[in-house]
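Below is one structure, written out as structure tokens, with a few remarks after it.
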There are 2 protein chains.
Amino acid sequence: MTRQRKVILDTMKGVTSHPTADQVYQMVRRRLPHVSLATVYRNLEILSEHGMIQKLELAGAQRRFDGNVESHYHVRCTRCGRTEDLPMEIIPHLDSMVQGISDFDVAGHRLEFMGLCPKCKSENKDIAGPGKTYSPSTQTNE
Amino acid sequence: MTRQRKVILDTMKGVTSHPTADQVYQMVRRRLPHVSLATVYRNLEILSEHGMIQKLELAGAQRRFDGNVESHYHVRCTRCGRTEDLPMEIIPHLDSMVQGISDFDVAGHRLEFMGLCPKCKSENKDIAGPGKTYSPSTQTNE
DNA sequence: TTTCCTGCAAAAGGTTTGCATGAGC
DNA sequence: GCTCATGCAAACCTTTTGCAGGAAA
């Protein structure tokens, strides 16, 4: 636990926004002017691997496109990145629920489930037994 | 509606996966060997602007981090990209619902609401009147 | 004809990596 | 002392853009 990592974690804990790596870098630099952007990236990665902060992403880092324009939900495999449509109705009352507790004009939502796909499930069994827990860092993205 | 755009749209409609731009490029190239990646990017953008395909993203294109590791939901402004935490309980029975209709081992979900933040709401009023509809392409991302 | 689109190549981000030095334990 | 982390710079990958020629309407 180096000085840099401590300051980065501290910065993240002291802020309710959802900064990009570069924004974190700018904030950290006010306390450690010589920190490098690479260090910030490396530590954000490490901290999120250890569950001390969260990385926000949908369908992995790279942009993905969907030919189905109807509102629908997805499941994504946390191990291999495979994403599938879910055959379920959208839940319309969620939007009105949020309308009451936030000052945004809510116009819709996205919902993505995470889990293990059948293939990764069985591979997991072979390698580490059925009890293995989800590790986002081992994700291979299809 | 050029030949290229037609093939790109057709490719997207013929596939249930959620390809990246590069994967679309590879598929389109089988029918139009001389298509360029830039054309694919441009058309995916245009097609999603016109609501003919969907762009999947959470919190915009750039990666974002969150110091709050407890499960919680977000609202994101579709105009400026500002993202806020929502003061609401997570809905645990969603996961078991999906467990029944998919062959994934579901371990959790992410839910993000989209809408206009108060600031963009009032700016919208000034510029285009209250009726203006959401245009993802005008997003400035904070 | 006028407009918009394409392909190519270069540029522009954002993120990751190699390497030698330096801090943590 | 050994390991792991840092800073710097270069590499990498994805996405965007400028431009001249070409297709669409």
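If you're wondering where the values come from, they're calculated on a predicted model, not measured in any experiment. Below, chains carry the letters A, B, ... as their sequence lines are ordered, and counting in each starts from 1.
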Pairing of A:R110 and B:E112 as salt bridge, 4.0 angstrom limit: no
I'd like to know if B:R76 pairs up with B:E84 as an ion pair, taking the criterion as any Lys NZ or Arg NE/NH1/NH2 lying under 4.0 Å from an Asp or Glu carboxylate oxygen. no
Using atom [atom1] of [X] as one end and atom [atom2] of [N] as the other, report the distance to the nearest whole Å.
X	N	atom1	atom2	answer
B:I46	C:dT3	CD1	C1'	13 Å
B:R31	C:dT6	CZ	P	15 Å
B:Y41	D:dG18	OH	C1'	18 Å
A:N43	D:dC4	CG	C1'	12 Å
B:R42	D:dG22	CZ	P	16 Å
A:K6	D:dC4	NZ	P	18 Å
A:L32	D:dG7	CG	C1'	12 Å
B:Y25	D:dC13	OH	P	15 Å

For B:F104 and A:H74, I'd like to know if the aromatic rings sit close, meaning centre-to-centre distance below 6.0 Å. no
Name the closest nucleotide to the A:L37 side chain, picking from C:dC25, D:dT15, C:dT15. C:dT15
Which nucleotide, C:dT15, C:dT6, D:dG7, lies nearest any side-chain atom of A:A21? C:dT15
Using a cut-off of less than 4.0 Å, is there contact between a side-chain N or O of A:Q4 and OP1 or OP2 of C:dG24? no
Under 4.0 Å from OP1 or OP2 of C:dG7: is there any side-chain N or O of B:T39 that close? yes
Okay, side chain of B:Q4, backbone of B:T39: is any donor-acceptor separation there less than 3.5 Å? no
When you match B:T2 and A:R3 each to their closest nucleotide on DNA chain C, which lands nearer the 5' end? B:T2
Here's a test of your reading of the structure: between B:A38 and A:I8, which maps to the more 5' nucleotide of DNA chain D? A:I8
Is the base of C:dG24 touched by the side chain of A:R5 through a donor-acceptor pair closer than 3.5 angstrom? no
Sole candidate of A:R3, A:R5, A:R31 that passes salt bridge (charged side-chain N to carboxylate O under 4.0 Å, His left out) when paired with A:D10: A:R31
